[in-house]
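First up is the structure itself, then whatever we jot down about it.
Order of the sequence lines fixes the chain letters, A, B, ..., with proteins taken first and strands second; residue numbering starts at 1 for each chain. These numbers were taken from a predicted model, which means no experiment stands behind them.
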Amino acid sequence: MPELPEILNRAKEMKEALTGKTITGIEILQPKCLNVPEDAFTAALHGARLIDITYRGKWIFTETSKGWLLFCMGMGGEILLVSRESLPEKRRLLFDFDDGTCLSVNFWWFGYAHYVPAGMLEGHAMTAKLGPNAIDLSSENLREMLDGRRGGIKSFLLNQSRVAGIGNAYVHDILFMARLHPLRSINTLIDTEVNGLMEAIHRGLQPSIDKGGAFYEVGLHGQKGRFSMEDILIGYREGESCPDCGAAIKKIKTGSTSSFICPVCQPLE
DNA sequence: CGGGCTGTTGACTC
DNA sequence: AGAGTCAACAGCCC
């Protein structure tokens, strides 16, 4: 599940390694992940030179001389820089470059590779509505965004059009560090809790950013992320002891997702 | 062997 | 506005 730490790192690696390369061939093994017909996609990007690679939330933005190439990795996948001689078996898309290297892209069904003409990003619905990157927010921003809103804090954090980049893997520890129950109503939060939440977002994401992302994802050169299970406090630790109070960590259903909480540190009043 | 679960997102309904 | 459900898939666990 690539979320902000993984996507940030992958975009950075891609910028360093791919800028300046020109696409000389495109192989599409799963046309359904595209937003335009296969031949239109190929025609649009053939001969495109890569200018810059950035990210927003869980999306990677590749700026080329012929428009935008956007990736969303869905629930997992790899973007690998390889040679023609060592192509991974599992791939959905393959880009050949003018220097003989290849970019192999694989993801589960939910992944997207979208083409958007230059200057037309505003018209791309899935990225145009993304909120600001989670790590770029200030407490003041967050307070303004929460103001007047109802509903649970977890679904707010997971809603990419509010805050971009947080997914279900990191949200457990973020809420634990903020001492907030996932179903806590936004309109009951006081200022100190919002400040604490902002701090928890940084404390929840930055260590993984610094370690090249989570252990279950790989980077552009196939290397594993160094943010390991030992770095996770509460998430996926059902039945283990809360690191703060020792109570048993519980797994609960919160809408359509599961949540891991300490029932003592994160009460729902 | 098979059923259940996980994860992202948009579409859809209430 | 927000909550709930569904659909799409591979891989893992029991």
Side-chain angles (χ1 to χ4, degrees), chain A residues 1-8 10 28-36 55-61 70-80 88-93 104-114 116 123-131 133-134 144-175 181-189 204-205 208 213-218 224-225 227 229 232 234-239 249-261 268:
Chain A
M1 325 124 232
E3 302 175 21
L4 190 144
E6 291 78 40
I7 297 301
L8 178 154
R10 229 169 289 185
I28 298 162
L29 297 97
Q30 187 198 47
K32 280 193 181 182
C33 70
L34 308 177
N35 61 331
V36 294
Y55 81 101
R56 177 111 76 92
K58 300 170 187 173
W59 286 79
I60 294 172
F61 289 67
L70 311 179
F71 295 108
C72 176
M73 303 307 291
M75 296 195 252
E78 309 88 46
I79 298 180
L80 298 168
E89 263 186 44
K90 288 188 181 176
R91 53 182 200 273
R92 314 270 183 163
L93 289 169
S104 170
V105 180
N106 183 49
F107 35 60
W108 291 0
W109 199 247
F110 295 147
Y112 303 112
H114 285 185
V116 180
H124 185 253
M126 288 171 91
T127 57
K129 61 172 196 177
L130 288 175
N133 281 329
E144 283 165 23
M145 293 170 71
L146 290 168
D147 191 43
R149 202 150 254 130
R150 294 174 303 118
I153 188 63
K154 183 185 179 185
S155 60
F156 174 90
L157 291 175
L158 293 185
N159 186 335
Q160 301 299 298
S161 62
R162 309 266 184 256
V163 179
I166 300 174
N168 207 43
Y170 290 97
V171 76
H172 311 298
D173 276 12
I174 289 173
L175 288 170
H181 190 283
L183 298 177
R184 177 71 182 278
S185 293
I186 290 168
N187 58 10
T188 67
L189 294 177
L205 298 178
S208 184
F215 62 93
Y216 47 76
E217 295 287 333
V218 300
K224 282 197 175 107
F227 185 79
M229 200 56 213
I232 296 173
I234 285 282
Y236 311 101
R237 292 190 180 279
E238 184 180 17
I249 296 164
K250 277 172 75 176
K251 180 183 182 182
I252 59 169
K253 274 279 166 199
T254 46
S256 55
T257 63
S258 294
S259 295
F260 294 86
I261 61 160
L268 180 61

Checklist entry - Between atom CG in Asn187(A) and atom C1' in dA1(C), what is the gap in whole Å? => result 12 Å

Checklist entry - In whole angstrom, what separates Arg184(A)'s CZ from dA3(C)'s P? => result 15 Å

Next on the checklist: Tell me if a side-chain donor or acceptor on Gln30(A) pairs with a main-chain N or O of Arg92(A) at a distance below 3.5 Å.
Outcome noted: no

Checklist entry - Hey, does Met73(A) reach any base, or is it just sugar-phosphate, or nothing, if we go heavy atoms under 4.0 Å? => result nothing

Checklist entry - What is the nucleic acid contact for Gly76(A), judged by heavy atoms within less than 4.0 Å: base, sugar-phosphate only, or nothing? => result nothing

Checklist entry - Closest approach of Gly152(A) and Ile186(A), non-hydrogen atoms and distance? => result O-CD1, 3.8 Å

Checklist entry - Parallel under 30°, tilted from 30 to 60°, perpendicular over 60°: which one fits the rings of Trp59(A) and His114(A)? => result tilted

Next on the checklist: Show, in sequence, the C-alpha distance, side-chain angles and deciding distance for His172(A) and Tyr236(A), and conclude whether the side chain to side chain contact (heavy atoms under 4.5 Å, CB included) test is met.
Outcome noted: CA-CA 9 Å; His172(A) 311 298; Tyr236(A) 311 101; 3.7 Å; yes

Checklist entry - Quick one: does Lys154(A)'s side chain get under 4.5 Å of Val171(A)'s, heavy atoms only? => result yes

Item to check | 4.5 Å side-chain heavy-atom contact, Met145(A) and Phe156(A) | outcome: yes

Checklist entry - First and last nucleotide of DNA chain B touching chain A, 5' to 3', heavy-atom cut-off 4.0 Å? => result dT6(B) to dG10(B)

Checklist entry - Does Lys90(A) or Ser256(A) map to a spot on DNA chain C nearer the 5' end, using the closest nucleotide for each? => result Ser256(A)

Item to check | Side-chain touch Lys253(A)/Ser258(A), heavy atoms, less than 4.5 angstrom | outcome: yes

Checklist entry - Starting at OH of Tyr216(A) and ending at P of dG11(C), how long is that distance when rounded to a whole Å? => result 17 Å

Checklist entry - Can you name the nearest heavy-atom pair linking Ile232(A) to Arg237(A), along with the distance? => result O-NE, 2.8 Å

Next on the checklist: Using 0.5 Å steps for rounding, measure from the CD1 atom of Ile174(A) to the CD1 atom of Ile153(A).
Outcome noted: 10.5 Å

Checklist entry - How close or far is atom C1' of dC13(C) from atom OH of Tyr236(A), stated in whole angstroms? => result 16 Å

Checklist entry - At under 4.0 Å between heavy atoms, what does Thr257(A) touch on the DNA or RNA strands: base, sugar-phosphate, or nothing? => result nothing

Checklist entry - Within the structure shown, what part of the strands sits under 4.0 Å from Lys32(A) by heavy-atom distance: base, sugar-phosphate, or nothing? => result nothing

Checklist entry - Whole Å only: how far is the CD atom of Gln30(A) from the P atom of dA10(C)? => result 9 Å

Checklist entry - Heavy atom of residues 149-162 of chain A under 4.0 Å from DNA chain B: which residues? => result Gln160(A)

Next on the checklist: If I take atom CZ from residue Arg91(A) and atom CD from residue Glu78(A), how far apart are they, to the nearest 0.5 angstrom?
Outcome noted: 12.5 Å

Checklist outcome for this item: Between the CG atom in Leu93(A) and the CG atom in Leu34(A), the distance rounded to the nearest 0.5 Å is 6.0 Å

Item to check | Rounded (10°) bend between the five-pair end axes of the helix from dG2(B)-dC14(C) to dC14(B)-dG2(C) | outcome: 40°

